[in-house]
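Pasting in a structure now, in structure tokens, and then I'll have a few things to ask.
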There are 2 protein chains.
Amino acid sequence: MKKQTIPQISEQIAAPLTAIASPQRIAILLAIGTGEACVCHLETALGWRQAYISQHLMALRKADILQDRREGRYVFYRLKHASLLDLITASARLSGLSAETVSALINTRVNPSCECPQCSPALISVESLKAA
Amino acid sequence: MKKQTIPQISEQIAAPLTAIASPQRIAILLAIGTGEACVCHLETALGWRQAYISQHLMALRKADILQDRREGRYVFYRLKHASLLDLITASARLSGLSAETVSALINTRVNPSCECPQCSPALISVESLKAA
DNA sequence: ATAATATATTCAGAATTACGAATATGAAAA
DNA sequence: TTTTCATATTCGTAATTCTGAATATATTAT
């Protein structure tokens with residue numbers, strides 16, 4: 001176990017916070033929630049430009065907050081540590097928001113099979129195969 | 001109960017995080033801990049300029065993170081919500097730090113009667129009065 | 001190959017924040 | 001009232017971050 005200075009430790013503690021401390025990043029993390037989301041899903045869910053979302057995702061990945069998984073031409077993102085949602089909820093409580101208000105916003109689907117216009121055709125074809 | 005948009009809620013959730021998301025602010029909050037600290041105490045504890053510390057304290061006060069209490073010419077700061085330390089510990093855990101590493105840094109004295117050069121004379125006089 | 005779609009990256013200017021220097025305020029002591 | 005000590009505030013610039021425009025890459029379909 002290495003000896004660490006207080007500035008070093010404070011730096012380490014602050015790192016995840018600086019990565020997520022913005023309304024945009026919080027919105028993205030809630031939209032991913034305990035499930036998984038591709039970029040195009042976030043695009044329609046949040047109504048932002050694709051490049052803008054990718055930039056935030058990149059930052060969150062570098063900060064070791066998010067994990068990515070490629071499946072065909074889709075890339076699915078998920079939280080690396082589910083406890084991050086507790087941290088977000090804790091911050092919400094400090095702002096006077098109820099835990100319910102937050103949990104109502106958290107996406108819970110493990111594999112959402114993206115509902116957005118671009119992704120839903122894939123979902124439909126899977127369903128139609130099952131029915132056949 | 002008012003209806004709130006997702007951007008509004010994300011903004012509210014992010015507010016406390018943006019206020020504390022910096023190594024300096026984390027160091028200050030740990031130095032205050034569950035106790036109380038005057039500015040001159042933080043000055044020696046952290047080794048920073050007084051004005052610099054005051055600036056951070058001001059920001060934390062505006063963000064409703066800290067509470068201040070004047071006693072003579074000293075101003076003592078304390079956390080408004082002790083749960084903030086849990087949030088800090090949670091962030092530390094995300095960085096791979098143990099909860100013990102963090103708790104070892106947290107000031108626990110309720111009224112530290114500041115040990116720094118400027119404050120300790122006051123402490124000594126109180127002690128000497130008791131002895132008399 | 002070429003085209004189309006999903007996502008990533010680079011770049012630049014705007015906006016914000018960090019931090020130091022200087023100075024102001026407020027309480028108490030002389 | 002003047003001085004002193006503790007703390008607060010203002011101001012200016014350096015550094016960082018945000019965000020949009022443009023473009024690149026990777027995968028699948030044709």
Side-chain angles (χ1 to χ4, degrees), chain A residues 7 10-11 14-15 17-28 32 36-63 66-77 113-122 125, chain B residues 7 10-11 14-15 17-28 32 36-63 66-77 112-123 125:
Chain A
S10 301
E11 183 98 37
L17 295 176
T18 55
I20 69 172
S22 94
Q24 292 85 357
R25 304 271 167 90
I26 296 291
I28 287 174
I32 296 175
E36 236 181 9
C38 62
V39 180
C40 68
H41 177 79
L42 296 172
E43 228 173 315
T44 50
L46 300 169
W48 302 340
R49 289 178 315 114
Q50 173 270 318
Y52 187 44
I53 294 171
S54 269
Q55 287 176 75
H56 285 297
L57 291 174
M58 181 171 41
L60 291 168
R61 191 161 20 93
K62 278 187 183 164
L66 292 180
Q67 216 174 353
D68 57 341
R69 171 179 75 84
R70 180 175 275 276
E71 191 178 315
R73 40 188 175 189
Y74 296 86
V75 175
F76 290 91
Y77 282 89
S113 305
C114 192
E115 289 166 322
C116 65
Q118 294 94 328
C119 303
S120 53
S125 69
Chain B
S10 302
E11 182 98 37
L17 295 176
T18 56
I20 69 173
S22 95
Q24 291 86 354
R25 304 271 168 88
I26 295 291
I28 287 175
I32 296 175
E36 235 182 10
C38 62
V39 180
C40 66
H41 178 80
L42 296 173
E43 227 173 317
T44 51
L46 300 170
W48 303 339
R49 290 175 316 111
Q50 173 271 317
Y52 186 43
I53 294 170
S54 269
Q55 286 177 68
H56 285 297
L57 291 174
M58 182 171 40
L60 290 169
R61 191 161 20 92
K62 277 186 184 164
L66 292 179
Q67 216 175 353
D68 58 340
R69 170 178 75 83
R70 181 175 275 275
E71 190 177 316
R73 41 189 173 189
Y74 296 86
V75 175
F76 290 91
Y77 282 90
S113 304
C114 189
E115 290 165 322
C116 65
Q118 293 94 328
C119 303
S120 52
L123 175 62
S125 70

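Here is the naming used below: chain letters follow the sequence lines, and residue numbers restart at 1 for every chain.
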TODO: Measure up the B:H56 and B:Y52 rings against each other and bin them: parallel (under 30°), tilted (30 to 60°), perpendicular (over 60°).
DONE: perpendicular

Open item on the list: If I take atom CE in residue A:M58 and atom P in nucleotide D:dC18, what distance separates them, rounded to the nearest angstrom?
Closed with: 12 Å

- [ ] Find the distance B:H41:NE2 to D:dC5:C1' and express it as a whole number of Å.
- [x] 19 Å

Open item on the list: Taking side-chain hydrogen bond (donor to acceptor under 3.5 Å, both in side chains) as the definition, give me every residue that meets it alongside B:S54, ordered by chain and number, with sequence neighbours left out.
Closed with: B:Q50

Open item on the list: From CD1 of B:I28 over to P of D:dA8, roughly how many Å is that when rounded to an integer?
Closed with: 11 Å

Task: Listed partners of B:R73 passing salt bridge (charged side-chain N to carboxylate O under 4.0 Å, His left out), at least two apart - done: none

TODO: Name all residues meeting the side-chain hydrogen bond (donor to acceptor under 3.5 Å, both in side chains) criterion together with A:Q55; count only those two or more places apart in sequence or in a different chain, and write none if there are none.
DONE: none

Open item on the list: Would you say A:Y77 places a side-chain N or O within less than 4.0 Å of OP1 or OP2 belonging to C:dA8?
Closed with: yes

TODO: Summarise how protein sits on nucleotides 18-25 of chain C as a single string, 5' to 3': B when a protein heavy atom is under 4.0 Å from the base, S for sugar-phosphate-only contact, - for no contact.
DONE: SBBBB---

Task: Length of the line joining B:E36:CD and D:dT7:P, which is rounded to integer Å - done: 12 Å

Open item on the list: Could you check whether any side-chain N or O of B:R25 sits under 3.5 Å from a backbone N or O of B:A27, counting only pairs where one atom can act as donor and the other as acceptor?
Closed with: no

Open item on the list: Could you tell me how far apart A:E43 (CD) and C:dA8 (C1') are, to the nearest whole angstrom?
Closed with: 13 Å

Task: Side-chain (B:R61) to main-chain (B:A63) donor-acceptor, under 3.5 angstrom - done: no

Between protein and nucleotides 25-30 of chain D, what N or O pairs are separated by less than 3.5 Å?
none

TODO: Provide, to the nearest angstrom, the distance between the CD1 atom belonging to B:I53 and the C1' atom belonging to D:dT9.
DONE: 16 Å

TODO: Of all the heavy-atom pairs spanning B:S22 and A:T18, show the shortest one and how long it is.
DONE: N-CG2, 4.3 Å

Task: Atom-to-atom span, CZ of B:R69 to P of C:dA27 - whole angstrom - done: 15 Å

Task: Separation of atom CZ in A:F76 from atom P in C:dA8, rounded to whole Å - done: 12 Å

Task: With A:Q67 via side-chain hydrogen bond (donor to acceptor under 3.5 Å, both in side chains) - residues at least two apart - done: none

- [ ] Report yes if the side chains of B:Y77 and B:I53 come closer than 4.5 Å at any heavy-atom pair, otherwise no.
- [x] no

